[in-house]
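Following: one structure in structure tokens, then a few remarks.
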2 protein chains.
Amino acid sequence: MTLDERKLQILETIVREYIQSAEPIGSRTLSKNPKMNISSATIRNEMADLEEMGYLYQPHTSAGRVPSGKAYRLYVDKLMTIMELGGILQDEIKSVYSTYMDEFTEAIQRTARLLSHITSYTAFSTAPQAKYLNCKFIKFILLEEMKVLMVLVTKERIVRNYVITLSQPAEEAALTAVSNVLNICLKDITLYELNDSIMDKLDALSEEERELLLEIIPLLKEILVEEDRQKVYSDGLDKIFNFPEFADIDRAKKFIETLNHQTILAHKLTENIQRDLSIQIGEENVEEAFKDCSVVTATYKIDGKPIGTFGVVGPTRMNYDYVVSVLDFLRKEFNAHISRAINNA
Amino acid sequence: MTLDERKLQILETIVREYIQSAEPIGSRTLSKNPKMNISSATIRNEMADLEEMGYLYQPHTSAGRVPSGKAYRLYVDKLMTIMELGGILQDEIKSVYSTYMDEFTEAIQRTARLLSHITSYTAFSTAPQAKYLNCKFIKFILLEEMKVLMVLVTKERIVRNYVITLSQPAEEAALTAVSNVLNICLKDITLYELNDSIMDKLDALSEEERELLLEIIPLLKEILVEEDRQKVYSDGLDKIFNFPEFADIDRAKKFIETLNHQTILAHKLTENIQRDLSIQIGEENVEEAFKDCSVVTATYKIDGKPIGTFGVVGPTRMNYDYVVSVLDFLRKEFNAHISRAINNA
DNA sequence: GTTAGCACTCTACGTTGTCGAGTGCTAACG
DNA sequence: CGTTAGCACTCGACAACGTAGAGTGCTAAC
């Protein structure tokens, strides 16, 4: 059996209507649709075929049909149309990014809020992974004899602080010397790329300074690992309650639980960081709580390199056309915003 | 009618049992309680009195009785006993604070997690209010010609960064001079107390430096206001689903919505910051979503001054004895932890 | 190949009846 | 006079039952 033109059209209509109504679609309802000028009996036959092919299923005998994950996948891959966002919406998004944001973190948090607001789904965003960030410079501030505050500023204007505990007292001057060496080595590379080339520079340092540097380098690497437990910001957790499929309290509980689990979420959001847009539908999600959800994410980039993501999660019955359109627009706006921020610098 | 000894005992038993079972308590059930050696008929009479006095009510005619807010209030004020925590629990709490935490923010976030974990209620904690923090020092780092990164370190070992945009280019040396003046003026006082005394020091500065300082001071004050939109960390949002009174999806939605509202929450948590422990029961809460919840908060202090809070929220049918015991212990441990951190410095 | 018609299925929903827990009232008891 | 046993009554929870309506699959006719 093949998916001919008519079957496709029927399937598309079912998906569209079901996304709207959340109610199983029956043959009679469908035949009333102005686009359909075939009888309900014919549609019944076609629907039976589509069910056999795995695109539809019935919650129970004598109910209408509901699209399966396979149907949504087909819809998303072949039938969906990305539309241009309305001017008002475009303006709203742009205005968020027009007020200049000094703090990158703030921009990424606001993006989650904006996203949830305009899509009415639960949204989230991830802070950039440390390994992808380009150092601008490192500065050390002596807090106490054995404690040093390291301030790390990246090209993307992300500021991070780390308190480092040393094994022996350090002096202000030595710290300055060490930071100078580090700043030269790290110029325009990521912390991740910091390699042994730094050893060449050791000659310029005094014995004491060298020891200090050798103590600090492993700590830098440690921070990297630490940081990979990535921060995730979410917004609109309550939005999930607007969907009848989550009226069941157990399901809602599982959902909220999972969304509060930073580690799971961080992994979920970055597994497709290589793609500009990624859509995962129902069973395609490995996480138990997302098996009846769809997750759509977009990747943001710096200098063409993907460094973080944002996205929404909602029922599989998601308004994919709209969500994808919004995410694609937002992705471009956000990239533009970052690049403005960096080049302004 | 007066609350005699027997009425009190009956009321106490009802509260205790209802907290356990979440089911209305009937006279027969109560008469079976070993502590009660009066018949169910007598209890019925007493219950009728207690209802008339406003301590109990019936969900419907032929149901048992349920404690009112007034009953919980009486229970909490007069009948409850704070117990000593079990040794294992004490150890668990202490171990969290024994690993030295460099970042204050981390400690406060972990406290929320710990609290939710050991009480099984939704927990939260607030970061300290900027106005209560004691400056240790301020440092400026020149990012670009017109942009300065201000690093603020407090005695409590809280590190904050702010990017400041200047009206005209600044030089490294001028920034150092300005930070020196500020560091002297702010020594051991809070940002909030920063007053005009600073004007006396202006003589020591060059014209250029003076202008810079005058530009930075208002920004400092602005940060103060900004910061008063206080950060709140929460944990165990999903815990609320464990209570049958929140099985209703609308109620759960309202709850999650409110808990995601930083501003409301921040206000809620700090309104009783002057008290070591505060308990708000049901209708005593002004927030709509908390009208059938109880909120218990504890205040943490530095040098005897209250600077922030943490606490839990759950159904009015809350295990007050346990929660208060935990919060009181945690409060003391946390205070001790902070004071260790500061004095170690 | 398409459609009308029909018997069939299953859920949602309202009705009805029963059970049990709990109450208030009254009368009797110590 | 406070306490208690007894009794009639109330009400929600729950199961059983019946009906309405939406939808299906199959068959026969177009």
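Quick caveat: nothing in here was measured; it's all calculated off a predicted structure. In the text below, chain A, chain B and the rest are named by the order of the sequence lines, each starting its count at 1.
Nucleotide dG20(C) holds its P atom 17 Å from the NE2 atom of His60(B), rounded to whole Å. Counting to the nearest Å, the C1' atom of dT23(C) and the CD atom of Glu46(B) are 16 Å from each other. The CD atom of Gln58(B) sits 11 Å away from the P atom of dG22(C) (whole-angstrom rounding). As a whole-Å value, the separation of Leu56(A) CG from dT24(D) C1' is 14 Å. Taking atom CD of Glu51(B) as the reference point, atom C1' of dG24(C) lies 12 Å away to the nearest angstrom. What separates NZ of Lys32(A) from C1' of dG23(D) is a distance of 12 Å, to the nearest Å. Atom CD1 of Ile38(A) is separated from atom P of dG1(C) by 14 Å (rounded to the nearest Å). Atom CG of Asn45(B) is separated from atom C1' of dC25(C) by 10 Å (rounded to the nearest Å).
When both distances must be under 3.5 Å, the Watson-Crick or G-U wobble mate of dT9(C) is dA22(D). Both distances falling under 3.5 Å, in either a Watson-Crick or a G-U wobble arrangement, place dT26(C) opposite dA5(D). Judged by Watson-Crick or G-U wobble contacts below 3.5 Å, the nucleotide dG12(D) has dC19(C) as its partner.
Rounded to the nearest 0.5 Å, atoms CE (Met80(B)) and CG (Asp321(B)) are 6.0 Å apart.
For the pair Ser27(A) and dT24(D), the criterion of a side-chain N or O lying under 4.0 Å from OP1 or OP2 is met. Regarding contacts with the backbone of dG25(D), a side-chain N or O of Arg65(A) is found under 4.0 angstrom from either OP1 or OP2. Thr42(A) has a side-chain polar atom (N or O) that falls below the 4.0 Å cut-off from OP1 or OP2 of dT3(C).
A salt bridge links Glu12(B) with Arg16(B); the closest basic N to acidic carboxylate O contact falls under 4.0 Å. Using a cut-off of 4.0 Å between Lys/Arg side-chain N and Asp/Glu carboxylate O, Glu245(A) and Arg251(A) are scored as not salt-bridged. Salt-bridge formation is detected for the pair Glu271(A)/Lys268(A): a Lys NZ or Arg NE/NH1/NH2 atom is positioned less than 4.0 Å from an Asp or Glu carboxylate oxygen. With salt bridges taken as basic N to acidic carboxylate O contacts below 4.0 Å, one links Arg113(B) and Asp235(B).
A donor and an acceptor atom sit less than 3.5 Å apart, one in the side chain of Arg44(A) and one in the base of dG5(C). A donor-acceptor contact under 3.5 Å links the side chain of Ser62(A) to the base of dT9(C).
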Intermediate values then yes/no, salt bridge (Lys or Arg N to Asp or Glu O under 4.0 Å), Asp250(B) and Lys254(B): CA-CA 6 Å; Asp250(B) 279 336; Lys254(B) 280 240 176 61; over 6 Å; no

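Comparing dT3(D), dG25(D), dT10(D) by their closest approach to the side chain of Ala48(A) singles out dG25(D). The side chain of Ser39(B) sits closest to dT4(D) out of dT4(D), dT3(C), dG25(D). In this structure, the nucleotide among dC10(C), dT10(D), dT24(D) sitting nearest to the side chain of Thr61(A) is dC10(C). Closest to the Arg6(B) side chain, of the nucleotides dT3(D), dT3(C), dT10(D), is dT3(D).
Nearer to the 5' terminus of DNA chain D, by closest-nucleotide assignment, is the contact made by Asn37(B) (compared with the other of Arg28(A) and Asn37(B)).
Within 4.0 Å (heavy atoms only), Ala41(B) reaches at least one base atom of the nucleic acid. Here Ser40(A) lies out of heavy-atom contact (under 4.0 Å) with every strand.
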